[in-house]
Visitor: 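Just dropping this structure here.
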Amino acid sequence: MNARASCMALGLLPLLLAGCSERPSFEPAQINAAPIGKGLPPGFLLGTSTASHQVEGGNTNDWTDWERGTYPDGTPHILHRTPSGLATDSWNRFREDVGLMKRLGSNAYRFGIEWSRLEPTEGAWDAEAAERYRQWAHTLRSAGIEPLVTLHHFTLPRWVAASGGWENPATVDAFERFSGRVATLLGAEVDWWCTLNEPNVLAVFGYLDGVWPPGKQDERAMATVLAHLFEAHARSARQLRALDTTDADGDGRATLIGLAHHVRVFQPSTGATSDSLVSGLTDTFFNESLPDALRTGHVSLVVPGSVSLQRDVPGLKDSVDWFGINYYTRDHLRQDASPSFSHKYVPAGRDTNDLGWEIYPEGLYLFLKRYAAMGVPLVVTENGMDDRTGERRPYFLRSHLYAVERAVAEGVRVRGYFHWSLLDNFEWSEGYEPRFGLFRVERDFGLTRQATPAVETFREAARNLGLSPTP
Ligand code: FCB
């Protein structure tokens, strides 16, 4: 009996999802020969993605404090002790950045709104910052670039963090109020909303691994936080629908609401049942908890032996008009006795990015096929690579767009692809060492932006989609 048949015989869905599904293999010759972008459907959003804290500069939030800190053994929280500081100074250079987007030929831009700027203390509202965000959305729309706005991308205002952050149910109330205010502020310019970025990554890094603020290692807290985040999404979506009633792009819809979900392929390292089982369980928890909750309205979070959280969340079912996928890599798992039940690694000889993450474009295709069953269009809200020379990014971009186009050809509704990122930016714990930008940012030379070779690849895709990059 082959692996797939044995999984089916065992009736183990997680095993089937993670360990036993058939895996395609893309041929480089086919990828190189494909006319990149030609297979994307009309109206496709081809853009780039950033997050407020990673590019704006000058923010004051829970990360600002974390960035100064160290672990008990003295290791700094941020590689080389480099705080986000000025980031790419996009707070002041937004117009220049829009010029780069036009050069790419992009017709969409995903960016974040920084809660701590708008509401620096509870109930306050910074009208100047609000006006700047409104101007940004307006500038983008006037340039023919659809704004897709993220309301929460990992950072919290200090006052929210001080009152318990996402562990405190009051944060869900506060985020709901904030969402309503942003809907009123930007509704006339914005239709595409992304309530949350990667709840699973935030919960695991902040509350299980303890490597992001607030630096906890507590499985129950992690589950509570995830459940609160799912609820915050549902309530934010309700506010956005109620208060943004202007159809800014004239397509008949005033709001198109989704969120960005981080997915990873979990590959059992051997054919052993223990490796398949642990890969399946990890896949169920990490990849499936959120889509499952969106499909059913019921949150089910299970960590064998320690957590079983079951909760109905009103408004969660049918809360998305599209589903966002942030895809970067595949992990190989070998079962062991550690708290996560497995050791994660990349086998020798694999193609990796400069952070050591395996490059596996087939994974993007697999997730698009899998989440077609969500019943809403899919958007690749992030995908990119740390490439410090910039020389390998053209093929990365080509191969991942190939994955998207293959899924589209097989009938999957994909509405957009946003490359991470427009610019090299502050990469959280890794500081400024990684380079994810289509445009390289020289920190020692006044944060100047320089095109990397993948800009040409992006422009080729844009042209094939019928867009017009500026020279
Ligand atoms: C994603 C995050 C994004 C960026 C990329 C590299 O998980 O959403 O902010 O750090 O990874």
Side-chain angles (χ1 to χ4, degrees), residues 47-57 59 61-63 66-67 77-79 82-84 87-88 90 109-115 148-156 194-206 208-209 211-213 226 229 233 258-265 286-287 290 323-331 344 352-360 363-364 367 379-388 390 392-393 396-397 400 416-441 452 454:
T48 54
S49 193
T50 60
S52 53
H53 190 65
Q54 293 176 275
V55 296
E56 284 181 357
N59 286 333
N61 54 35
D62 59 338
W63 266 85
W66 179 259
E67 287 163 21
H77 287 159
I78 310 298
L79 187 67
T82 45
S84 53
T88 62
S90 292
Y109 179 52
R110 172 177 175 234
F111 67 101
I113 293 286
E114 179 64 30
W115 187 0
L148 190 162
V149 170
T150 308
L151 294 181
H152 180 263
H153 197 126
F154 301 149
T155 53
L156 285 175
C194 174
T195 56
L196 303 177
N197 184 68
E198 302 185 346
N200 53 355
V201 171
L202 174 61
V204 168
F205 281 180
L208 186 67
D209 296 347
V211 294
W212 281 10
L226 263 180
L229 283 163
H233 157 75
L259 76 180
H261 179 43
H262 187 106
V263 290
R264 304 172 83 86
V265 176
F286 195 81
N287 292 328
L290 174 64
F323 187 62
I325 294 175
N326 291 1
Y327 175 75
Y328 289 90
T329 190
R330 152 166 87 168
D331 293 329
K344 181 174 108 175
T352 59
N353 77 9
D354 288 335
L355 277 168
W357 306 354
E358 186 182 0
I359 297 174
Y360 181 59
L364 179 56
F367 278 114
V379 176
V380 180
T381 30
E382 285 181 30
N383 170 244
M385 77 176 285
D386 169 21
D387 178 12
R388 305 196 188 164
R392 294 191 302 141
R393 188 173 295 107
F396 180 96
L397 177 56
H400 285 77
Y417 172 92
F418 291 79
H419 192 77
W420 184 275
S421 184
L422 178 66
L423 304 161
D424 293 339
N425 59 48
F426 176 69
E427 182 46 39
W428 310 111
S429 307
E430 312 296 333
Y432 286 107
E433 205 163 271
R435 291 186 178 273
F436 278 91
L438 287 166
F439 289 90
R440 185 179 174 91
V441 175
T452 67

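Whatever order the structure lists them in is the order used to number ligands and atoms, beginning at 1.
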Visitor: Test of understanding: with side chain to side chain contact (heavy atoms under 4.5 Å, CB included), list the residues that count as partners of D354, not counting sequence neighbours.
Guide: D386, D387, R388, R392
Visitor: Starting from atom 1 (C) of ligand 1, what is the nearest protein heavy atom, named by residue and atom, and what distance separates them?
Guide: E382 OE1, 3.1 Å
Visitor: Is the centre of the W212 ring less than 6.0 Å from the centre of the W428 ring?
Guide: yes
Visitor: Among all protein heavy atoms, pick out the one at the shortest distance from atom 10 (O) of ligand 1; state its residue, atom name and that distance to 0.1 Å.
Guide: E427 OE1, 2.7 Å
Visitor: Less than 6.0 Å separating the ring centroids of H261 and F323?
Guide: yes
Visitor: Run the numbers for me: atoms of ligand 1, each under 4.0 Å from some heavy atom of F436, listed by number.
Guide: 6 (C)
Visitor: Please could you name the atoms of ligand 1 that H262 approaches to less than 4.0 Å, counting only its heavy atoms?
Guide: 7 (O)
Visitor: Looking only at protein heavy atoms, which one is nearest to atom 5 (C) of ligand 1, and how far off is it?
Guide: Y328 OH, 3.2 Å
Visitor: Which distance, rounded to the nearest 0.5 Å, do you find between the CZ of F396 and the CE of M385?
Guide: 6.5 Å
Visitor: Where on N197 is there a heavy atom closer than 4.0 Å to ligand 1, on the side chain, on the backbone, on both, or on neither?
Guide: side chain
Visitor: May I ask you to identify the nearest protein heavy atom to atom 7 (O) of ligand 1, giving residue, atom name and distance to one decimal place in Å?
Guide: E198 OE1, 2.7 Å
Visitor: Under 4.0 Å from a heavy atom of Q54: give me the atoms of ligand 1 that qualify, with their elements.
Guide: 3 (C), 4 (C), 9 (O), 10 (O)
Visitor: Is there a polar contact between ligand 1 and W420, counting only N or O atoms under 3.5 Å apart?
Guide: no
Visitor: Partners of E427 by salt bridge (Lys or Arg N to Asp or Glu O under 4.0 Å), sequence neighbours excluded?
Guide: none
Visitor: Does the structure place the NZ or CZ of R330 under 6.0 Å from the centre of the six-membered ring of Y360, at an angle of no more than 45° from the ring's axis?
Guide: yes
Visitor: Can we say D331 and R264 salt-bridge, meaning some charged N sits less than 4.0 Å from an Asp/Glu carboxylate O?
Guide: yes
